[in-house]
There are 2 protein chains.
Amino acid sequence: MSNNQFRRGELYSVINGMASTAVARKLQKNFRQAGLEITIEQWSVLYHLWKEDCLSQQELCNRTFRDKPSITRLIDNLEKQKLVKRTASQTDRRINLVCLTDAAKELQSQTIDLANHTMNEALVGVTKDEIETVKQVFQRVYDNLT
Amino acid sequence: MSNNQFRRGELYSVINGMASTAVARKLQKNFRQAGLEITIEQWSVLYHLWKEDCLSQQELCNRTFRDKPSITRLIDNLEKQKLVKRTASQTDRRINLVCLTDAAKELQSQTIDLANHTMNEALVGVTKDEIETVKQVFQRVYDNLT
DNA sequence: TGAAATTAGTTGCATAACTAACTATATGTC
DNA sequence: GACATATAGTTAGTTATGCAACTAATTTCA
C-alpha cells in the first residue's frame, strides 16, 4: 500500500464522518433551538421546492441525491406536518407533483437565515477560493462515481 | 440575502448530499460485490481497530465522530457477526474494551484495498493539493462547530 | 394494436442516526 | 465515609437510508 493510497483512504474517513455530520448536527440543533420541528433532511427537500415549487418526486430525488424510497418517506412525513401536498399530474398520472403549503412558505426566510448563519459559523477562516475548491472536488468525485 | 451567503448555503447542500454519500454508496457496493457482508459504518469502526486494537467504546466514539448509542449498536452488530468481542477492562469496570477477532483481522487487507481502489476511482482528476485543501477545510469546519 | 420494456412511485425489511432517559461505576469534596 | 458529580455504556422511540420486490401508468416497437 503506497503512502499516497493510504492518504486517500484517510480522506474517506474525514469526508464521511467529520465535517458534513458536524454541519448537519449543528443546523439541526439550531432548528430545534428556534422551535422548528423539521429535520435537516426535510429541510433539504423544502429548500429545493422554495427554489422551484411543485416538482415531481423523481425530480426531488435527482436534486437532493436521494433514492426514491427515501423521497417517498420524506414526503410522507412532510405531508403529515402539512408542509407539502401531493397532487397528481394532469398530463402523466404516474407523477406526483409535490407542492408547498402556505405554512412551508412561511418557514423559508427563517430557516434559510439559520442555515446561512450556521454555514458562516462553520466557514470562519475559510477563504472563497478554498470553498470553490471543495465544491469542485465534490462535483468531480460525484461525477467520477456515478 | 447576499450573494456570498447564498453560495455558502449551497455548499451545505453539496457537502451533505453529494460526494460523501456517493463515496459511501460506491464503497458499500464494492464490499457487497466482493461478497463482504459488512456495512461501511461497521468497516469504519474496524478501520480504527486495525490501527489500534482494543479501544474503549468511548474512544471509538471520538475517533469515528459517532455518539455513544450509535457505537453501542455498531458493536452489537459487529459482535453478532463475530468480528469483535467486548472485554471488561481490568482497571475500570465501566469500560468495555472492543477487540478484533481473527476473522476481522483477515478482512483488513482485502477491505482496505477495496477502499483505496474506490477512493482512487473517486479522485481521478483531483490533485494532491486539492485533496489537502479539502482535508484542511473539513478540519476547520469541524473545529469551528465543536 | 398489443406485448415488452421503461418510468414513477410505494412497501417491507435491515441498519444506522439522534435525543432523552436510564444503570452502573468511579471520582471529588466536605 | 458519604453524598454529589462525572463518566461509560445501554435502552427506547422516531426518523432516515439502502435494497429488493412490488403496482400502476406510459412508451416502444414489432
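Reminder, nothing fancy here: chain letters follow the sequence lines and each chain counts from 1.
- Going from atom CG of B:Asp67 over to atom C1' of C:dA17 covers 7 Å, rounded to whole Å.
- In terms of phosphate contacts, A:Gln58 brings a side-chain nitrogen or oxygen within less than 4.0 Å of OP1 or OP2 of C:dA8.
- Around atom CD of B:Gln33, more than 12 heavy atoms belonging to other residues, nucleotides or ligands sit under 6.0 Å away.
- Contact annotation: A:Gln57 reaches the phosphate of C:dT10 (side-chain N/O to OP1 or OP2, under 4.0 Å).
- Residue whose closest nucleotide on DNA chain C sits further toward the 5' end, between A:Gln28 and A:Ile95: A:Ile95.
- Between the side chain of B:Arg32 and the base of C:dA14 there is no donor-acceptor pair of N/O atoms closer than 3.5 Å.
- B:Lys85 has no carboxylate O lying under 4.0 Å from a charged side-chain N of B:Glu79, or vice versa, which leaves the two without a salt bridge.
- Between the side chain of B:Glu59 and the backbone N or O of B:Ser56, no donor-acceptor pair lies under 3.5 Å.
- No side-chain donor from either of B:Asn77 and B:Gln81 sits under 3.5 Å from a side-chain acceptor of the other.
- Between the CZ atom of A:Arg86 and the P atom of C:dA8 there is a distance of 15 Å, rounded to whole Å.
- Distance, B:Leu97 CG to D:dG9 C1': 13 Å, rounded to whole Å.
- Under the rule for a side chain to side chain donor-acceptor pair (under 3.5 Å), B:Gln136 has no partner lying at least two apart in sequence or in another chain.
- Pairing each heavy atom of B:Thr111 with each of B:Trp50, the nearest pair is OG1-CH2, 3.2 Å.
- Looking at A:Leu97 and A:Arg86, their side chains never come closer than 4.5 Å, going by heavy atoms from C-beta outward.
- Contact annotation for A:Ile71: no contact, since no heavy-atom pair falls under 4.0 Å across all strands.
- Regarding A:Glu59, its CD atom lies at a distance of 10 Å from the P atom of C:dG9, rounded to whole Å.
- A donor-acceptor contact under 3.5 angstrom links the side-chain atoms of A:Arg73 to the base of C:dG12.
- A residue-by-residue look at A:Lys68 and A:Lys29 shows that A:Lys68 has its nearest nucleotide of DNA chain C further toward the 5' end.
- Between the CZ atom of B:Arg25 and the P atom of C:dA16 there is a distance of 17 Å, rounded to whole Å.
- B:Thr72 comes within 4.0 angstrom of a base, heavy atoms only.
- Between A:Thr39 and A:Pro69, it is A:Thr39 whose nearest contact on DNA chain D lies nearer the 5' terminus.
- With contacts defined as side-chain heavy-atom distances shorter than 4.5 Å, the pair B:Leu123/A:Asn144 does not qualify.
- With salt bridges taken as basic N to acidic carboxylate O contacts below 4.0 Å, one links A:Arg63 and A:Glu52.
- Screening A:Thr118, A:Leu114, A:Ile40 against A:Lys26 for a side chain to side chain contact (heavy atoms under 4.5 Å, CB included) leaves a single residue, A:Thr118.
- Taking atom CD1 of B:Ile75 as the reference point, atom C1' of C:dT15 lies 14 Å away to the nearest angstrom.
- Contact annotation: A:Arg66 does not reach the phosphate of D:dT15 (side-chain N/O to OP1 or OP2, under 4.0 Å).
- Residue B:Gln42 is classed as a sugar-phosphate contact, given heavy-atom separations below 4.0 Å to backbone atoms only.
- B:Phe31 places its CZ atom 17 Å from the C1' atom of D:dC19, with the value rounded to the nearest Å.
- In this model, the phosphate group of D:dT17 is approached by a side-chain N or O of A:Ser70 to a distance below 4.0 Å at OP1 or OP2.
- Of the residues in residues 77-85 of chain A, not one comes within less than 4.0 Å of DNA chain C through any heavy atom.
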Output a table of nitrogen or oxygen pairs between the protein and nucleotides 22-29 of chain D separated by less than 3.5 Å.
unit_1 : atom_1 : unit_2  : atom_2 : d
D:dT26 : OP1    : A:Arg93 : N      : 3.0
D:dT26 : O4'    : A:Arg94 : NE     : 3.4

